[in-house]
Structures are given as C-alpha cells and as structure tokens.
Amino acid sequence: MSKVIYSAIQPSGIMTLGNYIGAVDNWQQMQANEDNKCIFALADLHTITVRQDPKKFHENAMSFYALLMAMGLDPKKSILYFQSHVQEHAYLSWLLNCYTYVGEMNRMTQFKDKSAKHSDNINMGLMDYPVLMAADILLYRTDEVPVGIDQMQHIEIARDIAERVNGIYGDIFTVPKGVLKKVGAKIMSLQDPTQKMSKSDPNPKAVISVLDDDSVIMKKFKSAVTDSETIIKYDAENKPGVSNLLTILSVCENKPIDVLEKEFEGLMYGHLKIRTGEAVCEMLRPMKERYNQLMNDKGYLLQCAKEGAEKAREIARPVLDKFRQAIGYVLI
Ligand code: TRP
C-alpha cells in the first residue's frame with residue numbers, strides 16, 4: 001500500500017531563497033520514494049481570504065505553478081493541480097462546516113492573528129480557512145501532511161473533524177498525520193540576520209526572491225549586514241550575518257562550513273559576500289531557465305494543470321460520494 005502525502009501552498013507573496021532551499025530538499029525526498037503518492041496543490045481558494053488584486057492574483061497563480069515545476073515537482077510523478085479546478089474541495093468544505101463548531105474556529109491562532117492584521121476584512125472565509133484545509137486533506141485519503149509548525153493546529157482540527165465524522169458514519173475518512181517538515185539550513189534576513197528571511201519582509205534588500213536577476217542578487221549580497229570584526233568564522237550568536245552567509249554558501253556549494261572557514265582564512269568579508277552571491281546565482285540559474293521556458297509555454301502549463309485536476313478529481317470524487325451517501329443524499 002502506498003502512502004499518500006498531501007501538501008499545498010498559496011500563490012501569494014514571493015518565493016524566497018529560504019523557501020527554495022527548504023522545498024527542494026523536502027520535495028525531492030518525497031517524490032523519490034516509490035511508495036509515496038504525492039499530491040501537491042496551489043491553494044488558490046484560500047488565497048482570497050485576504051483581498052487580492054485580480055490581475056496580480058492571476059499572474060501569481062501561473063507563476064507559482066511554473067515555479068513548483070521548475071523547482072522540482074514533476075507532474076508525471078506527482079499530482080500537481082490548482083485547488084480551484086477541483087470543485088469537490090468547496091463542496092466537501094460545506095459539508096464539513098456542518099460538523100465543525102464555531103468555537104473551534106474561534107480558537108485558531110492563525111485566525112486571531114489574521115483578524116488582527118486585516119481588521120477591515122474579517123470575512124467568513126478567513127474564519128472557515130481551516131475547514132477548507134481539512135477538506136483538501138481528507139478528499140485524498142491522505143496519510144501524511146508535511147507542514148511547518150504554524151500549520152500544525154490546522155492539521156489537528158482536520159484530524160478532529162475526520163474522527164468526528166467517522167464516529168457518526170463509520171469509516172469515511174483516513175485520519176491524517178501532520179509531520180513537521182524537515183528543517184534544513186535556516187536562512188536569515190540579509191539586513192537583520194537575527195530574523196528569518198521572510199516572504200513578506202517590507203525591505204526588499206533583506207530577501208532574495210528566487211526570480212531575482214543576477215545583478216540584483218549580487219547587489220543584495222554586497223550590502224548584506226555583517227559585523228565590525230574581520231574574521232570569517234561561524235558563530236551564530238555573535239556573528240549572525242557572517243554565519244548566515246557561510247550557511248548559504250555551504251548549501252549552494254555543498255561544502256561543510258569548517259572547510260569554507262579554512263578557505264576564507266585571511267580574506268575579507270567582501271570576498272565572502274561576492275562568492276556567496278555568485279554561488280546563489282549559479283544555484284538558481286538552471287531553475288530560472290526552466291521557469292522561463294515554462295512561462296513561455298502557457299499552453300503546456302495549462303495542459304499540465306488540466307491533467308493534474310483530472311487526476312485529483314478521480315481520487316476526490318469517490319471519497320466525497322461515500323460521505324454524501326453516508327449522510328443520506330440521493331446520488332444520481
Ligand atoms: N494553509 C497552508 C499554508 O498557508 C496552505 C494549505 C492549504 C495547506 N491547504 C493545505 C497545507 C492542505 C497542507 C495541506 O501554508
């Protein structure tokens with residue numbers, strides 16, 4: 001029996017160097033295992049819980065789909081689709097709403113945070129977000145959901161809902177397990193290296209987008225914040241900037257940090273910044289080429305999205321129907 005692994009991301013913000021390094025590691029491992037069935041969605045229904053500009057949203061969705069492929073998800077090996085193309089998500093989400101308590105949703109940390117941040121638009125979708133996410137997961141008889149720690153509470157709710165439904169109607173849903181994503185190298189902001197590099201940092205100099213041009217990448221590394229010493233060595237506490245550069249270089253060149261420290265003996269911070277910038281450009285180059293090819297062939301992207309949606313629907317439809325039948329709906 002193969003294991004179903006399900007994950008999704010929202011097509012909003014920018015894909016950062018930190019996302020790239022984390023994602024490539026995790027996905028390649030997930031996909032390489034023949035026993036895994038990997039399903040990956042662009043959670044574009046979730047995205048409109050926060051108001052989006054239509055043109056930008058549209059462009060972002062295509063761009064993220066191409067990015068996922070360019071970064072290593074293979075539509076031949078995994079199912080790669082847009083959530084909005086599989087209507088079973090919205091349908092199941094409604095059904096699950098009737099098995100979810102308002103109190104449960106009110107307690108969700110992310111709902112509280114986002115309500116505070118978007119106090120002018122606390123819409124029902126924002127509150128219902130975890131139920132739609134439960135529908136995503138439960139439609140595919142998912143065994144494992146690799147997520148960051150911030151999403152664990154939502155996985156717990158998905159499990160509670162699945163168990164509640166199974167308790168009433170018998171074995172309808174597989175109860176999913178949340179697994180913490182393997183954290184690889186933690187990539188910090190280039191301007192405040194005590195903070196994580198964040199996709200929503202207002203200072204563009206702090207963040208490398210995977211789609212930045214080489215010249216932009218070099219400029220950002222050259223102006224990376226370091227410290228007032230001159231020694232290149234790893235010391236995350238006292239030298240967070242230099243340590244961050246060494247971490248990034250170590251990932252890009254696939255070399256241990258102590259080897260790099262030796263290579264940089266007697267050299268200056270400027271050397272480290274330039275070499276790290278160049279190594280990042282080098283690492284991202286093939287991905288960007290693949291991305292540009294894909295974006296120049298929208299027909300192919302749409303074809304992949306269509307096939308992905310069909311494959312997803314083949315799994316989702318019978319699961320939804322089993323639940324509908326259990327509730328008592330007349331099936332035609
Ligand atoms: N809420 C997730 C996030 O913002 C995205 C997401 C939507 C998701 N549906 C999912 C993740 C299902 C895992 C499984 O990161």
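Order of appearance sets the numbers: ligands from 1, and atoms from 1 within every ligand. All values reported here derive from a predicted model rather than from experimental measurement.
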So, S189 and Q195: side-chain donor and acceptor under 3.5 Å apart, yes or no?
no
Could you list the atoms of ligand 1 found under 4.0 angstrom from a heavy atom of A43?
7 (C)
As an exercise, identify every atom of ligand 1 less than 4.0 angstrom from a heavy atom of I137.
12 (C), 14 (C)
Under 4.0 Å from a heavy atom of Q10: which atoms of ligand 1 are those, numbered in the order shown and with their elements?
4 (O)
Any luck finding a side-chain donor-acceptor pair between S84 and D44 under 3.5 Å?
yes
Does ligand 1 come near enough to Y129 that some N or O of the ligand is less than 3.5 Å from an N or O of the residue?
yes
Between N121 and N123, is a side-chain hydrogen bond (donor to acceptor under 3.5 Å, both in side chains) present by the stated rule, with each step listed?
CA-CA 6 Å; N121 183 20; N123 61 70; 3.2 Å; yes
For ligand 1 and D136, I'd like to know whether there is a polar contact (N/O to N/O, distance under 3.5 Å).
yes
The atoms of ligand 1 lying under 4.0 Å from a heavy atom of V145, numbered in the order shown, are 13 (C), 14 (C)
D160 backbone acceptor or donor facing E104 side chain under 3.5 Å:
no
Do any nitrogen or oxygen atoms of H154 lie less than 3.5 angstrom from nitrogen or oxygen atoms of ligand 1?
no
Atoms of ligand 1 less than 4.0 Å from A8 heavy atoms?
5 (C), 6 (C), 7 (C), 8 (C), 9 (N), 10 (C), 11 (C), 13 (C)
Structural part of L132 in contact with ligand 1, heavy atom criterion under 4.0 angstrom
neither
What is the minimum heavy-atom distance between P193 and V225, and which atoms define it?
CG-O, 4.1 Å
Would you check if the side chain of S119 reaches a backbone N or O of S115 as a donor-acceptor pair within less than 3.5 Å?
no
Classify the contact between H46 and ligand 1 as side chain, backbone, both or neither, using a heavy-atom distance cut-off of under 4.0 Å.
side chain
Could you tell me whether the side chains of Q31 and N36 share a donor-acceptor contact shorter than 3.5 Å?
no
